[in-house]
Amino acid sequence: MRIKFDEQLGQLNEMLIDMGALCGDAITYAVKALNEDSEEMRRLTFETDSTIDNMEREIENLCMKLLLRQQPVASDLRLISAALKMISDMERIGDQAYDIAEITEHIRQEGRSICEAHISVMTKTAIEMVKQSVESFVKKDLVLAEEVIAKDDIADDMFDQVKEDLINAVAADKTLGDFFADVLMIAKYLERISDHAENIAEWVIFSITGQHEADRRASE
């Protein structure tokens, strides 16, 4: 019985890795849709978000099987409950990549270079955080999970920089106000994606230690 359970846990890990990779793809496609005004990149983003939604349901079903058909011990229960929380965050990441791509359907061409460097850093950071948070779960790596949490500061700092740059840009050219608002929303979605990756890492810590990071901070 335990051999079957461990096999299914291995399947869960593989599916989480695949879902994390899809999240990275969705972010990449969405930002390429912005930078290249590419209808193909928008289509890929929308399709990838749909695949992520389907994977969430598949992983939920597998987790239910693990809970109902096997005999999990306390550490197994923590792992499975953490996985369920993680896929919820990954599904939201897919949604926010979709939202970015949707904005690019009507965004103006003028001024696209504004905040491009900061958006690029936020994109790279978000993709790294998603990949490493899932990797930390599979490897049961507390150090890597904590590194992911620390990286969220980079995304927050870049978002603050985007806001500052856009304030200055609006002062210089009020005719591009709508464009600047769209860029701000895109940056906000990227910042939220990093927050979701941080959440995943916190659930990884819970799956290993039995203590959620938010509870630990509250007790300090």
Side-chain angles (χ1 to χ4, degrees), residues 6-33 41 44-66 76 78-101 119-156 158 186 189-209 212-213:
D6 288 340
E7 287 176 354
Q8 290 181 317
L9 284 181
Q11 182 185 357
L12 174 62
N13 286 342
E14 291 174 5
M15 293 176 75
L16 287 169
I17 290 170
D18 290 344
M19 191 173 179
L22 286 168
C23 287
D25 289 343
I27 300 164
T28 300
Y29 297 147
V31 176
K32 280 187 176 182
M41 289 299 106
L44 286 171
T45 306
F46 300 150
E47 289 180 357
T48 304
D49 176 53
S50 179
T51 304
I52 289 169
D53 291 343
N54 291 334
M55 283 212 71
E56 181 189 27
R57 290 189 287 271
E58 290 174 11
I59 294 173
E60 281 178 346
N61 289 336
L62 176 57
C63 287
M64 290 303 103
K65 289 178 183 177
L66 286 166
D76 297 326
R78 288 201 307 270
L79 186 148
I80 296 165
S81 61
L84 287 167
K85 294 289 187 179
M86 289 165 60
I87 60 172
S88 177
D89 277 299
M90 283 194 273
E91 189 273 336
R92 291 297 299 134
I93 288 170
D95 287 348
Q96 282 150 5
Y98 183 106
D99 291 336
I100 291 171
I119 295 291
S120 177
V121 173
M122 292 185 78
T123 302
K124 180 175 180 289
T125 301
I127 292 171
E128 284 180 354
M129 288 176 69
V130 173
K131 178 182 177 182
Q132 291 173 351
S133 61
V134 176
E135 183 181 347
S136 69
F137 178 82
V138 172
K139 294 182 177 179
K140 297 181 173 56
D141 189 332
L142 273 175
V143 173
L144 185 56
E146 288 164 355
E147 288 176 1
V148 171
I149 292 170
K151 278 187 179 180
D152 188 53
D153 289 341
I154 298 173
D156 291 342
M158 286 295 101
I186 288 169
Y189 285 132
L190 287 169
E191 190 259 346
R192 287 178 182 170
I193 287 170
S194 294
D195 286 344
H196 285 297
E198 181 184 21
N199 289 345
I200 293 170
E202 289 178 349
W203 284 112
V204 171
I205 292 173
F206 168 79
S207 73
I208 298 169
T209 68
H212 193 274
E213 188 72 2

Distance from Asn54 atom CG to Glu91 atom CD, nearest 0.5 Å? 11.0 Å

Look up atom CZ in Arg92 and atom CD1 in Ile193, then write down how far apart they are to the nearest 0.5 Å. 10.0 Å

Contact between Val148 and Val204 at the side-chain level, heavy atoms closer than 4.5 Å - yes or no? no

Closest non-hydrogen contact found for Leu62 with Met15 is CD2-SD, 3.8 Å

What closest approach, in Å, do Gly94 and Asp49 show between heavy atoms, and which atom pair accounts for it? C-OD1, 3.0 Å

Whether Thr51 side chain and Glu47 backbone form a donor-acceptor pair below 3.5 Å: yes

Measure the spacing between SG of Cys23 and CD1 of Ile200 and express it to the nearest 0.5 Å. 6.5 Å

Are any non-hydrogen side-chain atoms of Ile52 and Glu56 less than 4.5 angstrom apart? no

Taking the side chain as C-beta and beyond, is there a heavy-atom pair between Met129 and Asp152 under 4.5 Å? yes

Test item: Thr45 side-chain N/O and Ala30 main-chain N/O as donor-acceptor pair under 3.5 Å: yes

Heavy atoms of Ala201 and Ser133 approach each other most closely as N-CB, 4.0 Å

Applying ring-ring contact (aromatic ring centres under 6.0 Å, His included) to Tyr189 and not counting sequence neighbours gives none

Please name the pair of heavy atoms, one in Thr48 and one in Ala26, separated by the smallest distance, quoted to 0.1 Å. CG2-CB, 3.9 Å

Taking atom CG of Asp25 and atom CD1 of Ile127, what is their separation to the nearest 0.5 Å? 8.5 Å

Compare all side-chain heavy atoms of Asn13 with those of Phe137 and state whether any distance is below 4.5 angstrom. yes

Considering residues, nucleotides and ligands other than Lys151, do more than 12 of their heavy atoms fall under 6.0 Å from its NZ? yes

Would you compute the distance between atom CD1 of Ile93 and atom CD1 of Ile87 and round it to the nearest 0.5 angstrom? 12.5 Å

Distance-minimising heavy-atom pair for Cys63 and Ile80: CB-CG2, 3.7 Å

How about Glu7 and Gln11: do any of their side-chain heavy atoms sit closer than 4.5 Å? no

Validation row: Met19, Val134 side chains within 4.5 angstrom (heavy atoms): no

Output every pair passing side-chain hydrogen bond (donor to acceptor under 3.5 Å, both in side chains) with a member in residues 79-90, not counting sequence neighbours, ordered by first then second residue. Asp89-His196, Asp89-Asn199

How far does CG of Leu16 sit from CE of Met55, to the nearest 0.5 angstrom? 7.5 Å

Identified side chain to side chain donor-acceptor pair (under 3.5 Å) partner of Glu128 from the options Gln132, Lys131, Lys124: Lys124

I'd like to check Thr28 versus Thr123 (side-chain heavy atoms, cut-off strictly below 4.5 Å). Are they in contact? no

When you compare the side chain of Met158 with that of Thr125, does any pair of heavy atoms fall below 4.5 Å? no

Taking it one step at a time, do Met64 and Leu84 satisfy side chain to side chain contact (heavy atoms under 4.5 Å, CB included)? CA-CA 10 Å; Met64 290 303 103; Leu84 287 167; 3.8 Å; yes

